[in-house]
Structures are given as structure tokens and as C-alpha cells.
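The model shown is predicted, which means the values in this text are computed figures rather than measured ones.
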Amino acid sequence: MYQRVERGIRWYLKAVATAVVLFSLTVFTSTATGSPTNRPTFQTSQANVIQAVRINQPIHIDGDLSKAIWQSAIPITNFTQREPAEGTQPTEETKVAILFDQHNIYFGIWCYDSQPDKVSAKKMNRDFNWGSDDDIEIMISPFNDNRNGYLFITNPNGAMADVWLGGDAGRYNTDWNGVWDVRVTRDKNGWYAEFAIPFSTLKFKNEEIQTWSVNFERNIRRKNEQVRWQGWSRQYGIDNITQSGKLEGLENIKQKERIEILPFISGGVEWLNDKPQATYKVGGEVNYDITPTMKLNFTLNTDFAQVESDRREVNLSRFSIYYPEKRQFFLEGKSYFDMNISSARLFYSRRIGISGESIVPVIGGGRLFGKINKTSIGIMTLQTGALRGEASANSSVIRVKQDIFEESSIGFISTQKFSDGSYSAMYGADFTYNTSKFMGNKNLMAGFSGALNVENDKNGVSRNSDNATYHVFLFYPNDIISFNAGYNTIQENFRPALGFVNRTDFKRVYSRLEYKPRFKKMPSYIRSLSFKLYDLEYFINDKTGLTETISAEFRPLGINFQSGDYIGLNYEFQQDNPHEDFGLIDGVIIPKGQYNDNNFSAEFHSFDGRPVNAGIEYEKGTFYTGSRSNLEIYLNLSINRHLSLSADWSRNNLDMPEGYFKVNEFGGRINYAFNPKLNTSVFAQWNNEHNEVILNGRINWIPKIGSFFYFVVNQHIDTSANTFKLTRTTILAKLIWRFAV
């Protein structure tokens, strides 16, 4: 009986995948939306070229676009709505002009507004969350290669954020920090932004006459209106470089600064169990632009003292939790080193300099990353020191990616780690076919990736069998219809020393189909509906062929309102077959066997453009040997443009044979920005599994662009005995100063 059910499930998944591919790629794509509103197939506004005008001297930026020098610029005004009425004229006028000198490019942007007192401007800090404010976004692709670029964002307060883009509408790095500046002014007619971006911040071809890809987007939050210069179809984001316009007129430009020296000094004191210990550190980095597109970086005595603590999570599964990288050294240029095979991250930088919750000293190393013609290159090697049982180690990674066709790529990666006589290496390759012109104006991705790792311990014992992974996939990510399907496997011994893999010894078939229609006859207060027709995953054991996990998720109804609010209902079925006992939380052991869990959930999220916004999600159902209910709530308050507060709470109620368990997790944050270059924050977290409050307070000051001062206070408080006991206190300061030649 069991085998017949298993064969039936396999047949069903294959049939569904085949049917959906044929159905979604023929019927749905050929009819744009079926019953919903007709979609335009042409998303370019004429003129689609903006001219940059040369000036003879640098501009002192102050946000005043009435200066005489801006009168010589050639502006564009032909923006088009993307939301809410795709393809129509904007309700407010936007104007953009560009000037440049030998070493800088300047953008002047006029954001006219008929109700300037109602613009949304709640953030002021560096790297602000721009999704809830009125903003202007500038996308620049100096390579003009349909793949790589930069995004610069500001709001009516002059807050700054920037993003490195790589792989058209695919990879991006929000943690990239460029050297640039912006000033904003406001009056009765709207708000105005003046950007100055040094050419040394950007990577571009060494050519006398430059043609770049460029695009502009403006968001008017109170109206939920989004307008864009080019590529205004809902199929595309601002990061779809293939849908951008062109910037012409740049000639004889140069990077003024090719060498950047970033020395730092840090010092402070730490109290551990009432015993103070002073600490100090001196080190730095040197960056050298070998060419306008390639950077060489050296680091010595690398320091991460200003990094905020991880958000602790209570793990209610049998697989380890992924924690994102927060250290700026690894975040810069990280996209040149990344390669994932489904859920397996082949290079996970937290394997360097972190062991559990301990910090391992990074003695030094070097990096080379950038692009030569159509080839992206990332090479890094770092040496870490010994620490409490952790041997000194050398860790290296090389990633090469070649652009092929119009939007596709092929590449390889290798990581190596040497430590105390042991050796671990990983080798991988990938191919991705990507197009934004499938069936005229649809996105389509398909590809293959694979890797294997080789290990030898200090005794000469090798582990070189069952050590591979591979992934075949087809993605159809579009506005109305979104579909994916794939097959991947991770064998038992695929555990790269510099990677992250939380599950091995399986084969997996998966597929998902979502439908988000916008019908003509919908009520005016509804923007679109959202249906997850299915989201299926089927895991079988790689060796035995027995079923391990079956997961099926459905969203019978989701509603996106014109107000920006969202409500959704979901159902999930999961069959899990652990082949050995595992611990869940203290006192709860899940025996091996088969478990069939059904869960229902409902969620509501209010529009985050409001000064007060919140969300709630409730889930209830069976859970292994018992049952579980989960409640998650968050609240965000913007008191004014300087002060904001946020809090979240998660509560899991577990009714198990061992008893009734409550798992509470709290988090809270206070941000106060004096101005865009001086801000403070306090972050607090607690859960009743670790029984420890962690407080992180930080002052971040930018005395000049590219230089930083941090003052950090970290406090750990033990709450295990229903009391508050200070266990670890750290106070430190750090100064990073930028010298450029």
C-alpha cells in the first residue's frame, strides 16, 4: 500500500509539472492575462535617450536646482505609470537632467507635487528602507551589458541608500556602500534632489566615448503610485537593466582616485562575569583600481566590532538555521563570489572568522574582483588565527562568470580550506539561460548547476564518494503568472567547508504556480488578487529511495488592496519521515516515523507607507506528535522624520505528549537620525529558550563621505532565574578614515 501511494505521488508530481509547463507557457503567456485587463506589450517611452551635458568645474551640491548651471542641462519628463494604472500618464510631474565634469556625474531631479505637505518622508538614516517613503531611484549600468549596474536612492529628507545590481533582475547587494552624496530641498511645488557621484565609485569600460544604460523611478506613497522613465511594465523591476534607456554624451571621463586607504583604530572595554578587560585593535584596508572595472583589495587585522548581533531564532525544525552575513568586508562585492545550487550555498562567508558564537581573528588577506569585458571575476584568500581549539586556517574562493547571449551566463566556482593538516575543496559550475523577451515581453530562466567537494583530514583519510549536488530548473517569473519547476539532489557527503548546507542525502522535485490577476470588474478598492495554485516539494532519500518529506502549500485567496494593505489565507500539508529521533526543544524528542501535518493560516499586513503600520499572522494545525498554534505580530511607528520605533512578537504554543510548551520571541528597535550622516539605534531581543536579553546600542557618524565613526554598547542580561543579571558588557569605539589618491 505504502509503495503504491509513493508511486502515485511521484506520477502525480510528474504529470502536474508537465501539464503546468505546457499550459502556462502556451495558454497563459499567449493571452497576457485571460480575463484580466489588457496589458501593453510596448514599455518604452520616446525619447529613450537622455543627454549628459559637460561642465567645466565641479558643482557644490546643495539641492538648489535653480542654480544657473542647471539651465544648460537637457531634461527629460516622459515618465509613465507602472502602478496603479499601468501605461497611463503620472498624476505628478517628474523631471531629470544630467551634468558631468571630468571626475563626477551629477543628477538633478525635480519631483513636483500638488500636495507637497503630504509627501511621505519618515526615514533619514543611511541605507534606509526606502519601500515606505516617497523616493527617487536612479539605475545606472556603466557596463551597458544588460546585467550589472548600480541603484542610488533618496527621499525628501535626503536619506541615502545604494544597491549593487548583478544579473538582470536577479542578484543584488543592498549592503554595497558607494562613495557619493545627495542634497534635497523642498518648497510649495514639491521636492528636489541633487546627486553627485564620482566616477571612481563606478566601474566602466576604458573608452573615450561612453554609452551607459540608465533608468529612473519615482514612488508617490500616499497614492501608491509608481512611475518610471523606461520599462514601466509590471513585468519588470527597476533592476531589469534590459528595459532601461540610454545615457549619451559622456566623453573623456576619468576616475580621479585609484587608490583608497582605509586605516582603522578601535578600542574599548569588556566586562565578562564582572571582570573588565581592555581591548584595542589597529588595522585597515587598501583598495587599488587596477582598471576602471577591476579592484584589488588588501586587508590586515580585519575588524568587525561594529556589527550588530544576529537575531536569535528558536529552531522548531530538524534542520539548521541560515543566518545572513552582516560584516561589511564580506558584503562589499559579495555578488562576485556567490553561487547557490538550490538551497546549498557554495560559498558562505560566515565560515570565515566565526565559529559558533565566537569571533575568530582574521589576520589578513586579499581580494580581486570586477569585470573584464564580458567576464566577471572574484578571487579571495584570507588567513584566520587560532582560537580556543580552532586551528589557524587559510580559506580561498575563486568565482568566474562569463556573459553569453544577450542576458545569459556560464561560470564556475572553487573554494579551498587548509587547516591543521586537513584539506577541503569544492568545485562547481553553472549555466543560466535568461531572457526578458520570451513570447514578446515575458521573463524566462532555465539552467543547470552542479558541484562536488573533496576532503582529506590530517590523518590522510579521504571522503570522496557521495559528495556531489546538482540542480536543473525552469523559472517563469512574471506579473500575472509565476511558475517554477526543478529537480535537485544533494548527496550525503556534500558538505563544503566554506559552504552552507542544512540538509543532505536527498533528491527533490519541486514546482510552484501563482496567479495574480487584475480583473476589469473588480471593486475599485482592490488592486489585484493572489492565488497560490500550488507549491509542491517532494523529497526522497538519495540512497534508499524512500520518501522523506512531502510538502504542499496552497493560497486559496490573497487580496492586494489599492490602499496597500494585504490579506491572505493559506493551507499547508506536510508529510515528514525522519529516519532517526531528533530533539526539538528542551524536553521534547520526536521519534522516527511518519507524520502527516495539516496547517491553516491567515495573515494581514497594513500599508507600510503609513506612519503607523502593522501585521499579524496566525497559524494552527498538527505538529509531529502533537499540535501547534503560532501567532506573529509586528508594529512600526514613525514618530517623525528623526524618530522611529518597531517591535515584533512571536508566540508558539506546542501541545505535545511531554507537556504544553510556550515559545516566546521578542524583538524591538529604536532609531533616531539627527541627519542623514548621524544616526543612533538600539536593538533588543529575547526568547525564553535562551533566556537572555541582548541589547545593541550604536551611534554611526559619517564625518565625511567614505569615513565612519562608531560607538557601540552591547549588553547581555541573563533572565534564566526570573531575575535580571548582567553577564557581559562591551563598550567600544571605532574610527575608519578614508584617504584617496
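Every side-chain contact (heavy atoms from CB on, under 4.5 Å) that Arg641 has, sequence neighbours left out, goes to Met124, Asn157. For Trp180, the ring pair (Phe, Tyr, Trp, His ring centres under 6.0 Å) partners are Phe152, Phe195, not counting sequence neighbours. Asp64 is linked by a salt bridge (Lys or Arg N to Asp or Glu O under 4.0 Å) to nothing, counting only residues two or more places apart in sequence or in another chain. Applying the ring pair (Phe, Tyr, Trp, His ring centres under 6.0 Å) criterion to Tyr710, with sequence neighbours excluded, gives no partner residue. Residues satisfying the ring pair (Phe, Tyr, Trp, His ring centres under 6.0 Å) test with Phe369, not counting sequence neighbours, are Tyr336. Applying the salt bridge (Lys or Arg N to Asp or Glu O under 4.0 Å) rule to Arg367 yields the partners Glu332; only residues at least two apart in sequence or on another chain are considered. Scored by the ring pair (Phe, Tyr, Trp, His ring centres under 6.0 Å) test, Tyr323 finds no partners at all (sequence neighbours excluded). The side-chain contact (heavy atoms from CB on, under 4.5 Å) search around Tyr433 returns Phe405, Ser408, Phe431, Thr435, not counting sequence neighbours. Taking the salt bridge (Lys or Arg N to Asp or Glu O under 4.0 Å) definition, one finds that Glu92 meets it with Arg222, Lys223, sequence neighbours left out. Checked against side-chain contact (heavy atoms from CB on, under 4.5 Å), Ser120 has the following partners two or more places apart in sequence or in another chain: Lys122, Asp133, Asp134, Arg221. Contacts of Arg698 classified as salt bridge (Lys or Arg N to Asp or Glu O under 4.0 Å), with partners at least two apart in sequence or in another chain: none. With sequence neighbours excluded, the residues forming a side-chain contact (heavy atoms from CB on, under 4.5 Å) with Arg183 are Ile61, Asp181, Lys677, listed by chain and number.
For the pair Leu202/Trp212, a side-chain contact is recorded, criterion being any heavy-atom separation below 4.5 Å from C-beta on.
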